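Note that the structure is predicted; figures quoted are calculated from it, not measured. In what follows, chains carry the letters A, B, and so on, assigned in the order in which the sequence lines appear, proteins first and then strands, with residues in each chain numbered from 1.
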2 protein chains.
Amino acid sequence: MLRWKDTNEWCLPGGFIYKEESVDTAAERVLRERTGLGHIYLQQFHLFGEAVRYDWQDTWQRQQIPFPFGSRWPKRTISAGYYALVDYTKVTPTTDFMSDECSWWDISELPSMLYDHRNIVDVALKTIRLQLNWQPIGLNLMPEKFTIPELQRLYEAVLDRPLDARNFHKKITGLNILKRLDERRTGGAHKSPYLYQFDEDNYQKALINGNLIFI
Amino acid sequence: MLRWKDTNEWCLPGGFIYKEESVDTAAERVLRERTGLGHIYLQQFHLFGEAVRYDWQDTWQRQQIPFPFGSRWPKRTISAGYYALVDYTKVTPTTDFMSDECSWWDISELPSMLYDHRNIVDVALKTIRLQLNWQPIGLNLMPEKFTIPELQRLYEAVLDRPLDARNFHKKITGLNILKRLDERRTGGAHKSPYLYQFDEDNYQKALINGNLIFI
DNA sequence: GCAAAAGTGTTCAGTATACACCCATGC
DNA sequence: GCATGGGTGTATACTGAACACTTTTGC
């Protein structure tokens, strides 16, 4: 999220759509401007179209700084929500001209957010939970090499409930979408877990066949 | 679908959004104008935002009738797609000022359609298939009283695959969401099937608990 | 040595699937 | 009487859920 200049207010990154640019293309462009990454998994999930989505005048008066757009700010905005699936260890968020901080937040520790952005996060999460079984969420959200307990923590974060480690291990390896490497991750004060990679061909096949069901 | 005046071209019903009207409200209004029905299950499913979605000038030139909007037609439109779940036996579609026919079509017998509307139908269908287990699709698409084979035909149409009648019967009655009435449907040259009603309370509970899984 | 997390197998219950015959009705 | 579609039960395979101990590593 971005923190607006000279304030403590956070909001999701976003941008405007050019007149002759598709909405999908605009989403890719905004993401690239913000993260430097392209060719990324990006999924539209909802159009936020309330007639009055927030009182920006009030918001800016509370900040006690002049509204930076003046009359150029549109009377009404609708927002198309997109979620990206990125390995956040590879992404260095960068600020834009309106913000002086841009950083990752744990989903369970979000700060208070401007406008209706908290609602946007909630709708995104709900959508991702339902789409977990038919979108390549694991593939895109994990680093290239990872351990099975790390993948389990991703599933637990998305589903917001604990999973049994033995059953998870059994199920995920039984799907035939992982390749175990000879390497292990060392450094923890415990048995070193094996590293795995996704088998992209089999992963795609399993997605198409709807075989990744975790609900 | 609507057939444009003096043409053989069909398209989905749609309309514009007022400046101070939420997108959801506009969808309800357009549906009400077209069907006379309100308080209906209406679900946004996708924003169609291509920069150039169709060449309307070409479309109208092919019709060889003057374009009815002239310069008032916007240079670019984006469309928010909504699907409604209605008992179509209760709905009498009505034309608007641009069309002279409005009627229901079987999903497997759609005519060729204007613009990108065929794509919109395909995206809607794909969405409904995935949401079948978490949206009250059966409840809203069936008449108040119906037989189990009729409900099975709905599921088969949405899922686009045949289901085993014995297993379907067993599963759907086992869900405890149907109430069997003493009436039967007569008139067919075969054993008269029992009529059922949804038990709305139990249906809602089953939806929330995600117990309607058919995939 | 000890704390922390990884790795591993079995049992049980519940659910999905496959499958065939008789019954009621209208014509 | 015959064609049509409705109604029904069982056996099997599969899948999900519950559950505890040993191993490895860093400090």
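Mapped onto DNA chain D by nearest heavy atom, B:His190 and B:Tyr196 fall at different nucleotides, with B:His190 at the one closer to the 5' end.
Of the candidates C:dA6, D:dG6, C:dC19, the closest approach to any side-chain atom of B:Arg153 belongs to D:dG6. Taking every side-chain heavy atom of B:Lys191 into account, D:dG6 is the closest of D:dT25, C:dA6, D:dG6. Between C:dA24, C:dG26, C:dG7, one nucleotide has an atom nearer to the side chain of B:Ala189 than all others, and that is C:dG26. In the set C:dT10, D:dC19, D:dG6, the nucleotide with an atom closest to the side chain of A:Lys170 is C:dT10.
Distance CG (B:Asn167) to P (D:dA13): 16 Å, rounded to an integer number of Å. Separating the CZ atom of B:Arg180 from the C1' atom of D:dT8 is a distance of 12 Å, rounded to the nearest angstrom. Spacing between atom CD1 of A:Ile148 and atom P of C:dA6 amounts to 11 Å, rounded to whole angstrom units. Atoms OH (A:Tyr194) and C1' (D:dT23) sit 12 Å apart, rounded to a whole Å. Summarising the geometry, the separation between CZ on A:Phe168 and P on C:dG7 is reported as 12 Å, rounded to the nearest angstrom. In this structure, CZ of B:Arg166 is placed 12 Å from P of D:dT10, rounded to the nearest angstrom. Computed from coordinates, the A:Leu159 CG to D:dG16 P distance equals 14 Å when rounded to whole Å. The CD-P distance, from B:Glu150 to D:dG7, rounds to 10 Å in whole Å.
Checked by atom type, the side-chain pair B:Ser108/B:Asp106 shows a donor-acceptor distance below 3.5 Å.
Proximity of a side-chain donor or acceptor of A:His117 to a complementary backbone N or O of A:Leu12 within less than 3.5 Å is detected. In terms of modelled atom types and a separation under 3.5 Å, the side chain of A:Arg76 and the main chain of A:Gly49 share a donor-acceptor contact.
Looking at B:Asp122 and B:Arg118, a side-chain N of the basic residue comes within less than 4.0 Å of a carboxylate O on the acidic one, giving a salt bridge.
The aromatic rings of A:Phe146 and A:Phe198 lie tilted to each other, with the angle between the two planes from 30° to 60°.
Within the nucleic acid shown, A:Lys171 comes within 4.0 Å of sugar-phosphate atoms alone, with no base atom in reach, counting heavy atoms only.
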